[in-house]
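Working notes, beginning with the structure itself.
Just so you know, these numbers use all the heavy atoms, side chains as well, and skip hydrogens, waters and symmetry mates. Each residue takes its place number in the sequence, starting with 1. Everything quoted here is computed from the prediction, not taken from an experiment.
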Amino acid sequence: MGRGERETVARGARLYEAAQAVVGDHGRAVEAARAALKSIHDAAVKRELDAIPVVRLQDVTEGRLRLGSVEKSGLRTLGSVLEAGPYRLRQIPGVGQRTVDQMLAAARRLSEAVHQTVAVHIDVDRPEPSTTALVTALHVLVEAGPDARRAVDRAAVLSEQLGPSLADARPAAGRIRMFLAGQEKKARASAAVTEIRSLADEAERAGLPGLFAQASVDLLRGPSSDIAAWVDFELRSAEYYSLLAEISGRLPDAAAAEGFLPDEIAERVRTQHLDDAHRRVSLRGYQAFGARFALAQRKVILGDEMGLGKTIQAIAVLAHLAAEGQSHFMVVCPASVLVNWTREVEARSALRVMVLHGPDRHYAFADWKGRGGVAVTTFDALRGFPVPGGGEVGLLVVDEAHFVKNPKAKRSQVVASWTERCGRALFMTGTPMENRVVEFRDLVRMLDADVADSLGERDALAGSVAFRKAVAPVYLRRNQEDVLTELPSLQQTDEWEELSASDEEAYREAVHAGNFMAMRRAAYLRPGKSAKLERLREIVQEAGENGQKTVVFSYFKDVLGVVEEALAAGKADGTPVFGPLTGSVPAGRRQRTVDDFAGVPGPAVLLAQIQAAGIGLNMQAASVVVICEPQIKPTIEHQAVARAHRMGQVRPVSVHRLLATGGVDERMVKMLEAKTRLFDAYARRSAVAEATPDAIDVSDSELARRIVEEEQERLGMTV
């Protein structure tokens with residue numbers, strides 16, 4: 001054994017130490033979050049136990065305990081009984097040892113139930129030292145991102161492989177030690193050196209040393225401030241809550257997370273590998289299962305309820321197939337979500353994305369054919385492209401798949417042709433299609449004719465169990481309440497829309513007039529061709545299909561009037577519309593309107609002027625919030641959302657901000673993000689700011705003037 005062998009062992013030892021270090025750094029970060037969580041959870045449990053009257057022990061013991069003397073002694077709650085302990089209880093007149101034993105046993109059973117059911121809720125509007133500690137601890141893990149998780153997983157595997165080999169190679173680390181070793185140890189050391197060299201070479205080819213080093217740096221780097229951690233929590237609350245569920249061990253029921261699939265299908269899905277090399281987002285457990293389902297079953301419908309991240313699951317499938325060598329993918333969606341898809345693919349993956357839309361779509365299609373990537377197009381545009389040959393497209397994604405439920409429609413026919421020629425297809429819809437068996441069967445037929453033929457009307461009549469079993473090979477649906485254990489969470493989605501030609505014309509007129517307020521509401525001035533209005537209708541319709549209530553906010557009364565007319569014209573489903581609540585509506589009548597909205601069983605829509613409804617009204621009956629345009633002051637928007645996302649809300653709240661690309665909306669969002677977010681997050685938490693939000697001056701007139709001038713310059717206008 002010479003210098004080369006010793007250098008190999010030293011190289012392996014350095015790699016082993018780096019792997020151990022990143023695993024340790026991650027473990028300490030997780031432990032810090034777990035400790036912060038335990039403090040909050042224990043306090044919540046104590047509050048719960050202190051609120052349970054001691055008489056509840058009668059329920060657990062079926063009335064066998066006599067508790068009158070216990071209550072008279074001052075022990076009136078379950079918490080006080082547990083805190084008193086056996087000695088204090090035994091001192092109460094008339095309470096014997098047997099009663100003490102039964103009482104404490106019953107109290108502990110109730111206490112265990114409370115421990116298991118109490119959930120931690122992070123209240124962003126009332127940060128306390130304990131929740132700040134939790135958010136900052138979680139921030140480290142969220143900021144480290146998927147790369148850190150990938151590094152830890154690879155490091156754990158590498159440590160297991162290198163550890164034994166380094167132990168066997170110990171004699172090779174020194175000449176004398178090798179000389180004194182027996183023949184068997186020398187042979188084992190020689191084999192170990194060979195194994196170490198192979199593992200080290202493979203690790204370096206995969207870039208693991210750099211991955212480990214970066215992960216350790218990220219895991220050791222804390223937030224720049226508590227405020228920065230809170231701001232990041234608001235922006236990425238879903239990722240924080242995902243980590244929180246994982247760390248707490250409060251994972252959703254496995255059967256619910258797997259859509260109650262039959263065992264044989266669920267097992268096949270569980271064993272499906274999911275490559276994350278091209279993905280830039282962590283998945284929740286149910287999301288990873290959804291991606292695996294699409295891969296294992298090849299042609300499927302993902303029917304998760306709105307707000308569960310169907311797009312992220314689709315991107316995970318695309319990233320996996322790209323890692324396997326597939327190069328061409330097609331996403332088909334309504335025009336209203338075209339921009340969202342391109343932005344999500346760019347943000348959540350390393351995949352190339354191309355928009356096949358507008359007058360240059362055929363040139364873009366030719367470019368995509370030659371270079372590959374994720375093509376995103378609309379149902380109408382797809383009809384103008386040639387159907388691919390077998391094997392050309394790695395995955396066809398059809399978003400809002402209920403749009404193609406009618407087999408006689410031309411867009412349904414072209415989607416069916418593409419689906420037939422693609423080896424994999426992922427249809428996505430948040431609408432519960434199982435409620436319409438005939439339409440659902442037509443959709444399923446595009447994916448699997450045999451399953452469609454086996455699905456009759458009586459499957460629906462037989463109940464959900466029979467239905468789920470019949471469609472299990474192609475259909476997966478999960479509901480929010482089944483898989484989001486950290487209720488209530490806040491999910492914010494920026495809905496970017498491209499202005500229609502009619503919208504663009506109205507916008508240019510407003511810019512030419514130098515009218516900032518008209519620019520902000522131009523997307524609604526011509527309702528017949530409004531891209532934002534079309535997307536708003538889709539969101540409200542999907543919420544209604546899922547039995548959810550929606551609040552629609554706008555700064556402008558006339559925009560609310562346009563929305564009211566549009567929803568009234570299309571409300572064949574009978575969804576009631578309340579409001580609009582404006583500044584001219586007396587406060588008492590506003591609250592009665594909100595109460596009427598909350599009292600309606602099932603879906604309903606409430607229209608509200610954002611500055612009139614943002615303070616003093618509780619709208620927790622709503623679980624979907626739509627904001628028609630970005631606000632000049634972020635505080636106005638935060639307070640409006642807080643009307644629905646607050647104590648008493650029992651479902652996650654989905655917030656949809658309707659934004660138009662390339663104009664005033666995009667400029668407002670960029671300016672406010674760059675210049676006011678941290679200051680606003682700090683100021684909003686002060687008592688003065690809570691009481692008087694208008695005191696926060698974001699220089700409204702200056703911002704408006706700058707945007708008008710920049711838009712006039714961009715559009716080549718002189719005034």
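Taking CG of L443 as the reference point, atom NE2 of H402 lies at 10.0 Å (rounded to 0.5 Å). Annotation: the span from S412 atom OG to F379 atom CZ amounts to 8.5 Å, rounded to 0.5 Å. Distance check: E346 CD to R352 CZ gives 11.0 Å after rounding to the nearest 0.5 Å. L606 contributes atom CG, which lies 5.0 Å from atom CG of L581 (distance to the nearest 0.5 angstrom). Summarising the geometry, atom OH belonging to Y363 is positioned 13.5 Å from atom CE belonging to M354; distances are rounded to the nearest 0.5 Å.
Here the shortest heavy-atom pairing between K405 and P407 reads O-CD, 3.2 Å. For D304 against K310, the heavy-atom pair with the smallest separation is O-NZ, 3.0 Å. Heavy-atom minimum distance, N340 versus W496: OD1-N, 2.7 Å. Across all non-hydrogen atoms, the minimal contact from L476 to G290 is CD2-CA, 3.8 Å. P630 approaches L658 most closely through the heavy-atom pair CD-O, 4.2 Å. Looking at every heavy atom in both residues, A452 comes nearest to V444 through N-CG1, 3.8 Å.
Between D448 and K299 there is no salt bridge, since none of the side-chain N atoms of the basic residue sits less than 4.0 Å from a carboxylate O of the acidic one. Under 4.0 Å is where a charged nitrogen must lie from a carboxylate oxygen, and between E258 and R478 no such pair does. Looking at D450 and R445, no side-chain N of the basic residue comes within less than 4.0 Å of a carboxylate O on the acidic one, giving no salt bridge. Residues E497 and R343 are not paired through a salt bridge, judged by the lack of any N-O separation under 4.0 Å between the basic side chain and the carboxylate. Salt-bridge annotation for D494 and R657: present, with a side-chain N of the basic residue lying under 4.0 Å from a carboxylate O of the acidic one.
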**Asked** Given the rule in the side-chain contact (heavy atoms from CB on, under 4.5 Å) test, do V269 and L295 qualify, once you have shown the distances and angles that lead to the verdict?
**Response** CA-CA 8 Å; V269 173; L295 291 166; over 6 Å; no
**Prompt:** Step by step, would you call S349 with H278 a side chain to side chain donor-acceptor pair (under 3.5 Å)?
**Reply:** CA-CA 6 Å; S349 76; H278 296 300; over 6 Å; no
**Message:** The test is ring-ring contact (aromatic ring centres under 6.0 Å, His included); show your working for F440 and Y475 and say whether it passes.
**Reply:** CA-CA 10 Å; F440 185 80; Y475 183 61; 4.9 Å; yes
**Request:** Kindly determine whether F289 and L274 satisfy side-chain contact (heavy atoms from CB on, under 4.5 Å), including the steps that lead there.
**Result:** CA-CA 9 Å; F289 185 87; L274 184 61; over 6 Å; no
**Prompt:** Step by step, would you call I315 with L351 a side-chain contact (heavy atoms from CB on, under 4.5 Å)?
**Reply:** CA-CA 9 Å; I315 290 172; L351 304 180; 5.7 Å; no
**Message:** Before you tell me yes or no, could you show the steps for R424 and Q326 under side chain to side chain donor-acceptor pair (under 3.5 Å), namely the whole-Å CA-CA distance, both residues' side-chain angles and the distance that decides it to 0.1 Å?
**Reply:** CA-CA 11 Å; R424 296 180 182 275; Q326 296 286 347; over 6 Å; no
**Prompt:** Given the rule in the side-chain contact (heavy atoms from CB on, under 4.5 Å) test, do L447 and R298 qualify, once you have shown the distances and angles that lead to the verdict?
**Reply:** CA-CA 9 Å; L447 304 168; R298 301 186 72 85; over 6 Å; no
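With a 6.0 Å radius and a threshold of 12 heavy atoms from other residues, nucleotides or ligands, Y555 has its OH atom at or below the threshold.
Scored by the salt bridge (charged side-chain N to carboxylate O under 4.0 Å, His left out) test, E267 finds R270 as partners (sequence neighbours excluded). Scored by the ring-ring contact (aromatic ring centres under 6.0 Å, His included) test, F385 finds H362, F365 as partners (sequence neighbours excluded).
Without hydrogens or angle criteria, E498 side chain to G662 main chain gives no donor-acceptor distance under 3.5 Å. Judged by distance alone, with hydrogens and angles left aside, the side-chain atoms of W368 form a donor-acceptor pair with the main-chain N or O of G373 at under 3.5 Å. A distance-only check finds no donor-acceptor pair linking the side chain of S530 to the backbone of Y524 [under 3.5 Å]. Using modelled atom types, no side-chain atom of R284 and backbone atom of Y286 make a donor-acceptor pair closer than 3.5 Å. A donor-acceptor pair under 3.5 Å is formed between the side chain of R361 and the backbone N or O of G358. The backbone N or O of L261 sits nowhere less than 3.5 Å from a side-chain atom of K469 that would complete a donor-acceptor pair. Here the side chain of H328 pairs a donor or acceptor atom with the backbone of K369 at under 3.5 angstrom.
Sorted by first then second residue, the salt bridge (charged side-chain N to carboxylate O under 4.0 Å, His left out) pairs that include residues 523-535, not counting sequence neighbours, are E400-R535, E495-R535, E505-R526, E509-R526, K532-D665, E534-R537, R535-E538.
Of the N and O atoms on the side chains of E629 and S554, at least one donor lies less than 3.5 Å from an acceptor on the other residue. Under 3.5 Å, the side chains of S500 and D503 contain a donor-acceptor pair of N or O atoms. Side-chain polar atoms of R383 and Q413 form no donor-acceptor pair below 3.5 angstrom.
Between F597 and F578, the two ring planes are perpendicular [angle over 60°; tilted spans 30° to 60°].
Under the 4.5 Å side-chain criterion, counting only non-hydrogen atoms from C-beta, V397 is not in contact with F329.
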